[in-house]
Q: 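Got a structure for you, written out below as structure tokens; questions coming shortly.
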2 protein chains.
Amino acid sequence: MEELAESNGRRSVRMADVAAHAGVALGTVSHVLNHPEKVSPHTLERVRRSIDELGFVPNSRARALAAGTSSMIAFIVIDLGNSFFLDMARGAELEAQERGLNLVLANCDMNTDKELVYLSLFDAERMAGVLIAPLPSSADDQWRLQEWQSDVVALNVDASGRGCCVTTDDELGGYLAAQHLIEAGCRRLLFTGGPFSLLPIADRYRGAQRAVAEADGVSLELLRTLQTKPADGRKVGDALAARAADARPDGVLAATDLIAFGIIEALGVQGVSVPDDVKVIGYDNNRQAWESTVPISTMAQPGEEMGRHAVRLLVDEIRNPGSHEHEHVRLTPTLIARESTGT
Amino acid sequence: MEELAESNGRRSVRMADVAAHAGVALGTVSHVLNHPEKVSPHTLERVRRSIDELGFVPNSRARALAAGTSSMIAFIVIDLGNSFFLDMARGAELEAQERGLNLVLANCDMNTDKELVYLSLFDAERMAGVLIAPLPSSADDQWRLQEWQSDVVALNVDASGRGCCVTTDDELGGYLAAQHLIEAGCRRLLFTGGPFSLLPIADRYRGAQRAVAEADGVSLELLRTLQTKPADGRKVGDALAARAADARPDGVLAATDLIAFGIIEALGVQGVSVPDDVKVIGYDNNRQAWESTVPISTMAQPGEEMGRHAVRLLVDEIRNPGSHEHEHVRLTPTLIARESTGT
DNA sequence: GCTCTGGATTGAAGCGCTTCAATATTCGTG
DNA sequence: CACGAATATTGAAGCGCTTCAATCCAGAGC
């Protein structure tokens, strides 16, 4: 790790400089900054003027070192290009701001190794706390096995036992999505998505199964995909379009909006109408899929709310190290019915 | 700003603890960390073992304070939801990593006030340096008028005179885009976009004008929009579709991909074919528009490269406070020809 | 055997700030 | 007008680390 010289040579104004300029003691300046109510109005005024005149910017590093506290929390995100994660960041930031904390982001850009790198970095930086939103994998993430200096709250992944976490109930989401299709009149459902090593996808499928089991005369077919991209959806769409009309499902549950997007596009090209011939519902309320010609019904995950909850948990953990008990907040996805299911 | 108690009660291991455990002096432990070549192999080994056994994580705050250096740089982005900015972040991060620096992100979420807030924050945190990518406005951004402790490099905005900056040449981009349409056989061009208070949009239009002026028998019409969203494009598309075929432009230059996206969609719905009847080119190479049914030709801005350049400039400024001269790097957008212009 | 040399190790002096016990100042009372 | 109680201000002791001058030690050379 290379070292960098102190910033730009312009040596910055220190608190001692302000004290000298204002003709008061060092401690007084500190009081002006941290406990202004303990300083006489006259002194307050004078010190503040000196601060302005000298352009003093308190060094929060030194501050944090001396006080043993910090107002910075960090959010490690596996992929900021995914609007779901960005929503979390948004929510986390709002909540942090309301609580007087500052939130910085770290983008892993789908590289899981970076999670560890950033976690170590923020640990060493002695952040007040760290949020982390990894890919939802079934495997135990390695970072969860370590002890960290900072408190850590996980999003989008079940970390119960080792710390706080906030997730959405994918099984329920799958259930609700399937139910929506069934209520829309579909009887031959198809669930498509993959890989099933992604826990949320497996959960969504389970939920769909449950909904189908509860309904009468409804069947559920499964068509796995390798990934969750529009290209995977297009393949599925082509395959479906190639079938005889009566061998086609009348309701498709795509594991992600991107897949749904691809399906609808392929189906459209092949002359199969959505939602008339086939109804399609996606998952994620992904902005990337918002602009589809046929607006896609979807299960929205409350990303922002997840972020807010995570910060709330984190702050509790930081503030009450004694009484804090790890919590697993499980939020409910919401159905957003749009045109692709015939609304 | 609220204060938070020191992390979780578990008091962290200090360097002194390691020194005691290994039976060496404080300075020796520090040497192990920073100048291992100056320590005898035997001591090195012993100290390292102690570090491991105690789980010592050096406090980089204290380190930064003592050494007067830091390896953290921050990137303040006006909107991480925009893939162009995210690309910059990506590039910046890669470049930073290669230079042994760590990059954290701050998302302003289209709120210009937050730019100042974050700038102040990072200034106080004594980051090694700060990158900032604001909206490209014609107005002088207020943050540029201030003196900062940290070195600051601006992206996407011309800050010459006050610091380093890296931008793309929008005039040239508009020129190249128009040229592409002309080469594709278009003679009646339309430029659409807005508001013109956005400097880049005005520049792109100027570029288009230049290309048209240089060509023979080519006309250029202007249709302003209020914003740069798909909805604005759809309006334009509808308006064009309503015209008699021979009163319609045969080449449309949209100021953004999102507008282009809307235009193509509206045109398609109304039975006007792209690219057969009208060719359309966008701008930005926006991922949100990638999945259009008709892949959109576009001018790609080298976001990643911008990020890399910015970090490069920043590092130079940090390292050579004496000899450093502010620089304005102007990059060239690249034409990406896709189906919407008939390729 | 003794000095010289250079690498290894040490310990103290900060880095810029907070905090707290100690001191100084002010004010209300008797 | 003096005195104790508030109220203001001070200065020193850290926070956890880096750095550098000073010290130590081992082996080389005579």
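Order of the sequence lines sets the chain letters (A, B, ...), proteins ahead of strands, with each chain counted from 1. What you see below is based on every heavy atom in this structure, not just the backbone, and it leaves out hydrogens, waters and symmetry mates.
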Q: What is the distance, rounded to the nearest whole Å, between atom CG of B/L65 and atom C1' of C/dC15?
A: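 After rounding, the gap between these two atoms is 4 Å.
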Q: Under 4.5 Å between any side-chain heavy atoms of B/W143 and B/I132, yes or no?
A: yes
Q: Do any N or O atoms of the protein come closer than 3.5 Å to N or O atoms of nucleotides 26-28 of chain D, and which pairs are they?
A:
none

Q: To the nearest Å, how far apart are A/E37 CD and D/dT9 P?
A: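 The answer, rounded to whole Å, is 13 Å.
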Q: What is the distance, rounded to the nearest whole Å, between atom CG of A/L26 and atom C1' of C/dT18?
A: 9 Å
Q: Would you kindly give the NE2-to-P distance between B/H35 and D/dC17, to the nearest whole Å?
A: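 These atoms are roughly 15 Å apart.
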Q: Under 4.0 angstrom, heavy atoms only, what part of the nucleic acid is B/V24 near: base, sugar-phosphate, or nothing?
A: sugar-phosphate
Q: Please evaluate residues A/E125 and B/R61 with respect to the criterion salt bridge (charged side-chain N to carboxylate O under 4.0 Å, His left out), reporting the C-alpha separation (whole Å), side-chain torsions for both, the decisive distance (0.1 Å), and the verdict.
A: CA-CA 6 Å; A/E125 287 284 340; B/R61 258 194 240 280; 5.2 Å; no
Q: Applying side-chain contact (heavy atoms from CB on, under 4.5 Å) between B/N102 and each of B/S60, B/S70, B/S71, report the one that passes.
A: B/S71
Q: Could you go through the side chain to side chain contact (heavy atoms under 4.5 Å, CB included) check for A/L86 and B/N107 one step at a time?
A: CA-CA 10 Å; A/L86 189 57; B/N107 183 20; 3.9 Å; yes
Q: Estimate the overall bend of the helix from C/dG1-D/dC30 to C/dG30-D/dC1 from the end axes over five pairs each, rounded to 10 degrees.
A: 50°
Q: How long is the gap from CG on A/L94 to CD on A/E305, to the nearest 0.5 Å?
A: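 Reported to 0.5 Å precision, the distance equals 12.5 Å.
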Q: Taking A/T43 for the side chain and A/V39 for the main chain, is one N or O donor matched with an acceptor at less than 3.5 Å?
A: no
Q: Do B/L33 and B/I51 pass the side chain to side chain contact (heavy atoms under 4.5 Å, CB included) test, and can you show the C-alpha distance, the side-chain angles, and the key distance before you say yes or no?
A: CA-CA 10 Å; B/L33 261 35; B/I51 290 179; 3.6 Å; yes
Q: Take the protein atom CG of A/N59 and the nucleotide atom P of C/dG14, then report the distance between them rounded to whole Å.
A: 18 Å
Q: Whole-Å distance between D/dC15 P and B/D17 CG?
A: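 Distance, rounded to whole Å: 11 Å.
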Q: Is there side-chain contact between A/V166 and A/L313, with heavy atoms separated by less than 4.5 Å?
A: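 The answer is yes, as the side chains (C-beta and beyond) meet within the 4.5 Å cut-off.
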Q: Salt bridge check: are A/D87 and A/R90 linked by an N-O gap of less than 4.0 Å?
A: yes
Q: With distance as the sole test, does A/D123 use its side chain to make a donor-acceptor pair with the main-chain N or O of A/S150 at under 3.5 Å?
A: yes
Q: Is any side-chain heavy atom of B/L121 less than 4.5 Å from a side-chain heavy atom of A/M72?
A: yes
Q: Check whether any side-chain nitrogen or oxygen of A/T28 sits under 4.0 Å from OP1 or OP2 of D/dT10, and answer yes or no.
A: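 Yes, because at least one side-chain N or O of A/T28 sits under 4.0 Å from OP1 or OP2 of D/dT10.
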Q: How many Å lie between CZ on A/R61 and P on C/dT18, as a whole number?
A: 15 Å
Q: Please pick, from D/dG16, D/dT18, C/dT19, the nucleotide with the shortest atom-to-atom distance to any side-chain atom of B/R14.
A: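 Given the options D/dG16, D/dT18, C/dT19, the side chain of B/R14 is closest to D/dG16.
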Q: Give the rounded distance in Å between these two atoms: NE2 of A/H31 and P of C/dT18.
A: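 After rounding, the gap between these two atoms is 9 Å.
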Q: From C-beta outward on B/F56, which listed nucleotide comes closest to its side chain: D/dT9, C/dG16, D/dC17?
A: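 The answer is D/dC17.
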Q: Tell me which residues in residues 38-51 of chain A put a heavy atom below 4.0 Å from DNA chain D, sorted by number, or none.
A: A/V39, A/S40, A/T43
Q: Hey, are A/R308 and A/E93 close enough for a salt bridge, meaning a charged N less than 4.0 Å from a carboxylate O?
A: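 No.
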